[in-house]
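Shown next, in structure tokens, is the structure this report addresses.
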Amino acid sequence: METKKSLFSRLPIISQLKKSMGLQRGMLVAGIVLTVLFLLTAALAPLIAPYGATQRFDVAQGPPSSVHIWGTTAGGYDVFSRTIWGAQTAFLVIVVAVVLSIFLGVILGLLSGYIGGWLDRIMVVVADAIYAFPTLLLAMVMSIALSQGRSTVWSGILSAAISITVVFIPQYFRVIRAETIRLKAEPFVESALVVGASSVRIMARHIYKNATRTLPLIFTLNASEAILTLAGLGFLGFGIEPSTAAEWGYDLNHAQSDATAGIWWTGVFPGAAIVLTVLGLTLLGESMNDLNDPRLRGRKRSGKKIRKKNNTTQDEVVDA
Amino acid sequence: MTAMIDLPVDGPAEQAPKSKNKSGGSLGKYLAIRFVLIFPTIFILVTMVFFLMRLTGDPITAALGGRLPPEQLAERIHQAGYDRPIFIQYFEYLGQMATGNFGRTISDNMLISDLLATYGTATLELAINSLIVALLIGIPFGIIAAYKRDKWEDAVSRVLAISFYATPVFFAGLLLKLVFSVWLGWLPVAGRASIPTEIFMTQIEAPTGIYWLDALRSGNMDAYWDVVQHSILPAVTLGLLTAGIFLRLVRTNVIGTLGKDYVEAGRSRGVSEYRLLTRHAFKPALIPIITVMGLQIALLLGGAVLTETTFEWKGLGFQLAQYLTARDYVAVQGIVALLAVIVALTNFIVDVIAALIDPRVRY
């Protein structure tokens with residue numbers, strides 16, 4: 001009974017929800033709601049969207065009406081449908097990008113931190129160089145290298161995801177490397193060495209399990225960055241062609257000239273979709289980060305507890 | 001882009017203490033080491049960009065393929081030397097870079113280094129303007145949020161900061177354009193100046209390239225007003241992006257210093273709350289703020305590319321987007337390499353400033 005309960009309360013988001021309060025709880029709940037909304041939209045896009053992402057209509061730049069509730073673009077696409085389908089594209093890119101960068105970042109970080117020496121030094125310098133450089137420019141160069149900048153649905157999603165991956169690897173690499181170096185000095189690693197465990201086993205079992213605890217936090221934060229990078233790439237005309245799939249950034253690119261002519265509906269909706277999704281993921285990641293860090297966690301609850309304790313001790317004193 | 005985490009800053013700074021410990025004391029030595037560290041950064045980025053851009057084939061086919069008959073294409077490739085082994089081309093490229101020659105663009109045969117002179121000032125002007133906006137918003141709101149921690153002022157500031165971060169610059173730009181240019185008609189939609197002013201600008205003697213400075217020097221107030229009007233929306237758009245990060249940065253660091261004993265000591269001596277905040281708490285918080293601000297140059301440059309494209313602000317970023325559309329990959333490679341040098345140099349300058357302000361940084 002007890003183990004069951006603690007297992008449930010130890011699940012990442014639920015445990016944080018329990019710890020939270022006041023403003024922090026509000027931010028966390030808002031983050032959860034927006035993120036769930038995004039995930040649902042991505043999963044149920046075929047059911048929600050009235051038309052296909054690449055379906056064209058004769059009405060170009062038509063204002064919102066009963067047939068096209070958010071209007072149509074200059075290319076004759078239905079804005080509402082494209083915004084909904086865009087969630088699916090974004091979701092796929094995030095998942096591929098974040099999974100790939102975690103995988104590579106963790107392996108490189110473990111190797112670099114555990115082996116040390118020259119390998120470590122070179123890898124740190126390379127990671128720092130990449131880290132210091134504008135994300136978007138690097139992703140752009142990657143995107144050119146992978147697909148000459150233009151592509152179909154899957155190759156587009158993959159090349160966008162890989163471009164984002166390259167930029168994110170250094171972040172995972174650094175976190176895991178720092179943790180690995182710290183853990184290497186721990187007694188349990190030494191004892192594993194004494195027992196005769198191989199380096200691979202020590203890295204894979206002892207260090208890996210301990211070093212990856214902070215990853216869920218970076219995961220959510222990076223997911224929001226991945227969306228922004230994807231949108232930036234799309235805005236510059238990279239990534240996914242509008243005739244193959246819906247992508248928010250690309251639609252916003254085309255909406256720029258519409259805005260000058262006072263046509264607001266082609267840009268406002270996909271833009272709002274980006275903002276809400278990034279906002280949700282950032283709020284979620286941030287509040288989890290704050291709640292895991294005792295220095296940043298709201299202090300009222302612990303304050304109450306201390307006061308209670310003080311009261312009881314005072315009572316005890318009185319009793320005595 | 002830097003993730004929005006309140007973790008203490010490690011990373012590039014983390015490398016520094018090691019090399020510093022070895023070198024021992026003086027400021028000169030520390031700065032010399034930091035300076036030498038610029039070169040591996042530039043080298044790695046240039047190498048990466050070179051090989052990535054050549055992965056897909058030679059730049060001439062990319063730019064002109066399909067438009068020229070195959071024989072002519074082959075001849076141009078041969079003339080430019082793109083049919084030689086890639087490593088020979090690579091070392092030649094490195095040699096050229098060492099002498100400051102970044103190559104010539106294919107589409108309009110311009111020297112990349114000339115592009116910096118022609119368009120770099122526009123980007124610099126945008127960066128300065130946006131930094132002013134970011135500081136004007138970030139510092140006061142950050143201090144208020146720290147002082148009123150966990151109150152509604154703090155909540156509003158933090159939600160603002162996250163919203164600024166969550167809004168892509170091209171969407172923020174679109175909204176601002178819609179409201180202030182199209183609906184209200186207060187500000188121009190795009191560009192750095194209206195056409196008469198642009199013409200006037202070309203006639204100024206010894207221009208700095210920074211329009212508001214040139215206009216001010218020439219004493220033409222109409223031109224000055226025109227330039228200022230044009231620069232407001234781009235500056236706000238790019239400024240908001242960094243303002244969110246500055247706000248959080250100031251908040252976290254001022255919360256840290258507000259908890260220090262000397263602030264309490266000052267309070268007990270009867271120092272006013274305002275002075276406590278601005279002097280005792282804010283000043284020591286400045287060092288981490290400046291360091292992280294320097295790291296934001298990457299975010300600023302990435303944002304500048306998007307902002308310039310949104311507002312047709314003819315700077316390096318706008319030009320980069322143009323060359324991308326033209327598939328002129330020599331130009332793209334050159335501009336990216338140039339930006340790598342700028343990023344590395346900026347990070348070095350930030351290190352110097354941090355070392356000059358705080359003696360602890362250099363041990």
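Just so we're on the same page: letters track the sequence lines, and every chain starts at 1.
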Chain A contact via L175(B) - side chain, backbone, both or neither, heavy atoms under 4.5 Å: side chain
For L52(B), which atoms come within 4.5 Å of any heavy atom of chain A: side chain, backbone, both, or neither? both
Using every non-hydrogen atom in the two residues, find where [X] and [Y] come nearest and quote the distance to one decimal.
| X | Y | result |
| --- | --- | --- |
| L228(A) | A166(B) | CD2-O, 3.9 Å |
| S224(A) | Y165(B) | OG-OH, 4.0 Å |
| L339(B) | F133(A) | C-CE1, 4.0 Å |
| L136(A) | G302(B) | CD2-O, 3.8 Å |

Against chain A, work out which of L301(B), V343(B), L45(B) has the most heavy-atom pairs shorter than 4.5 Å and name it. L45(B)
Of I255(B), V336(B), D154(B), the largest count of non-hydrogen pairs under 4.5 angstrom with chain A goes to V336(B)
Side chain to side chain contact (heavy atoms under 4.5 Å, CB included) assessment of S163(B) paired with V275(A): CA-CA 7 Å; S163(B) 313; V275(A) 174; 5.9 Å; no
Is L276(A) close to chain B through its backbone or its side chain, or both, or neither, when contacts mean heavy atoms under 4.5 Å? neither
Is L236(A) in contact with chain B via its backbone, its side chain, both, or neither, using a 4.5 Å heavy-atom distance? side chain
Nearest 0.5 angstrom please: T167(B) OG1 to I274(A) CD1, how far? 9.5 Å
Interatomic distance, OG1@T41(B) vs CD1@I130(A), rounded to 0.5 Å, equals 11.0 Å
Would you say the side chain of F235(A) lies within less than 4.5 Å of the side chain of L306(B), judging by non-hydrogen atoms? yes
Under 4.5 Å between any side-chain heavy atoms of M48(B) and L138(A), yes or no? yes
